[in-house]
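Hydrogens, waters and symmetry mates are skipped; everything else that's a heavy atom, side chains included, is used. Everything numeric in this text was worked out from a predicted model, so none of it was measured. To find a chain, count down the sequence lines: A is the first, B the second, and so on, and within it residues start at 1.
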Amino acid sequence: MALKIKRKRQMKAMIPTASMADIAFLLLIFFMVTTVFKKDRGLRIELPTAATTERLVKQRGLSAIWVNRYGKITVDDNFVRPKQIVPIMRRKLSEEPGLIVLIKADKNAKYGVIEDIMDALKEAQAYRVVFVTKKE
Amino acid sequence: MALFEGKRFVPEEAEIPTSSMADIAFLLIIFFILTTTFAREKGIKFVLPEQKQQEVKLKKDKLIIVAINDQGKVFINDQPTTFEDLHDQIKKYLEENNKRIVYVKTHEDAAYDYMIKAFDIAKQVYQEMKLPPKVALGVIRRRAE
């Protein structure tokens, strides 16, 4: 009889939370490991401002061409001449057909340089271009 | 007495309080999620003309030529103007004929900023008039070539 009374005692409702910490830390480590930092450092530039600046929805398949105020051009942190952009962009375009080229040029760069870059892009058939600007 | 002392000497189980570990870890996750800023690219979209179809003959009437010389002076259809007036003038020309195309011609020695400014203004006008933006870009080369 005494045994029966013991059995009827209700068990405490419990959620096992001991592994919660492990789960959370695993998540933390996963995000830390999979985060890729931008390796493209670019040049020191001052972007022009424009009121019609749009946000780009696309985050992949972008390639940046940097132009500083003295007309120096870099692609993927290598200094290039405008003509050298053609093979680089052709290669990138074959890997990523929807490639968008970002032109990150200093506001004081000469327009002639930008024109040369656009000519090279036309030759490489990379027609989609974004002039990177700051929102006014 | 003996019973009492015996009770006192039962060794307590050694324990590290781990119940707050999960809270700490999740707080860290939330902190990092909130402080991460994605470098979203922003700019003005432009599609370059394909080389094959570049020879499109246009009547001069259909173009609004915005020229920028090497000193950063602006001209609209050969009339000198300023960046402040450019907006209203492009609008005026577009209201006459909304099929017109803005053609921004920049001297190769002019600053890139001027081209962006003119492009931006033209795009604003098109947006205000709810028309699809039609802007062409051109270059003025130095004469001694």
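Counting heavy atoms of neighbouring residues, nucleotides and ligands inside a 6.0 Å radius, atom NZ of A:Lys83 does not exceed 12 of them. Counted within 6.0 Å of NZ on B:Lys117, heavy atoms from surrounding residues, nucleotides or ligands total more than 12; the atom is thus considered enclosed. In the displayed structure, A:Lys92 atom NZ is contacted under 6.0 Å by more than 12 heavy atoms of other residues, nucleotides or ligands. Summarising the local packing, CZ of B:Phe75 is surrounded by more than 12 heavy atoms from other residues, nucleotides or ligands at distances under 6.0 Å. Summarising the local packing, CG of B:Asn97 is surrounded by more than 12 heavy atoms from other residues, nucleotides or ligands at distances under 6.0 Å. Environment of NZ in B:Lys123: crowded, with over 12 heavy atoms of neighbouring residues, nucleotides or ligands closer than 6.0 Å.
For the atom pair CD1 of A:Ile103 and CD1 of B:Ile44, the computed distance is 11.5 Å after rounding to the nearest 0.5 Å. Here the OG1 atom belonging to A:Thr52 is positioned 13.0 Å from the OH atom belonging to B:Tyr126, to the nearest 0.5 angstrom. Expressed to the nearest 0.5 Å, how far OH of A:Tyr111 lies from CG of B:Asp70 amounts to 15.0 Å. The structure places CD of B:Glu50 at 7.5 Å from CD of A:Gln125, a figure rounded to the nearest 0.5 Å. Considering CG of A:Leu28 and CZ of B:Phe31, their distance stands at 11.5 Å, rounded to 0.5 Å. Taking CZ from B:Phe46 and CZ from A:Arg128, the interatomic distance works out to 14.0 Å, rounded to the nearest 0.5 Å.
Only the backbone of A:Asp106 has a heavy atom closer than 4.5 Å to any heavy atom of chain B. Only the side chain of A:Leu62 comes within less than 4.5 Å of a heavy atom of chain B; its backbone N, CA, C and O stay farther away. A:Leu102 touches chain B through its side chain: at least one heavy atom from C-beta onward sits under 4.5 Å away, while N, CA, C and O do not. Proximity to chain B (any heavy atom under 4.5 Å) is restricted, for A:Glu115, to the side chain, taken from C-beta onward. Residue B:Ile116 touches chain A through its side chain alone, counting heavy-atom pairs closer than 4.5 Å. Of the two parts of B:Tyr114, neither the backbone nor the side chain holds a non-hydrogen atom closer than 4.5 Å to a non-hydrogen atom of chain A. Contacts between A:Ser19 and chain B at a heavy-atom distance below 4.5 Å are absent for every atom of the residue.
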Might you work through the side-chain contact (heavy atoms from CB on, under 4.5 Å) test for B:Phe119 and A:Thr133, ending with a clear yes or no?
CA-CA 12 Å; B:Phe119 196 148; A:Thr133 51; over 6 Å; no
side-chain contact (heavy atoms from CB on, under 4.5 Å) between A:Val130 and B:Glu41, intermediate numbers included:
CA-CA 9 Å; A:Val130 171; B:Glu41 305 288 355; over 6 Å; no
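If you chain together hydrophobic residues whose side chains sit under 4.5 Å apart, A:Ile85 and A:Tyr127 fall into the same group. Tracing side-chain contacts under 4.5 Å through hydrophobic residues (I, L, V, M, F, W, Y), one never reaches B:Val66 starting from B:Ile140; they form parts of separate clusters. The same ILVMFWY cluster, assembled from side-chain heavy atoms under 4.5 Å apart, contains both B:Met129 and B:Ile90. A:Leu27 is connected to B:Leu28 through a chain of hydrophobic side-chain contacts under 4.5 Å among Ile, Leu, Val, Met, Phe, Trp and Tyr, so both are in one cluster. Residues A:Ile114 and B:Val139 share a hydrophobic cluster, clusters being chains of Ile/Leu/Val/Met/Phe/Trp/Tyr side chains in contact below 4.5 Å.
Counting heavy-atom pairs under 4.5 Å between each of A:Gly112, A:Ala24, A:Ala126 and chain B puts A:Ala24 at the top. Your options are B:Ile68, B:Ile121, B:Val47, B:Ile24, and the one with the most heavy-atom pairs under 4.5 Å with chain A is B:Val47.
Nearest heavy atom pair, residue B:Tyr112 against residue A:Ala105, reads CE2-CB, 3.4 Å. For the pair B:Ala22 and A:Met20, the tightest heavy-atom approach, listed with the atom from each and the gap, is CB-CB, 3.3 Å.
No side-chain heavy atom of A:Phe31 sits under 4.5 Å from any side-chain heavy atom of B:Phe32. Residues B:Met21 and A:Asp22 form no side-chain contact, since every pair of their non-hydrogen atoms from C-beta on lies 4.5 Å or further apart.
Contact check on B:Asp120 versus A:Lys134 returns no salt bridge, with no Lys/Arg side-chain nitrogen under 4.0 Å from an Asp/Glu carboxylate oxygen.
In this structure, the side chain of B:Asp113 does not engage the main chain of A:Pro48 through any donor-acceptor pair within 3.5 Å.
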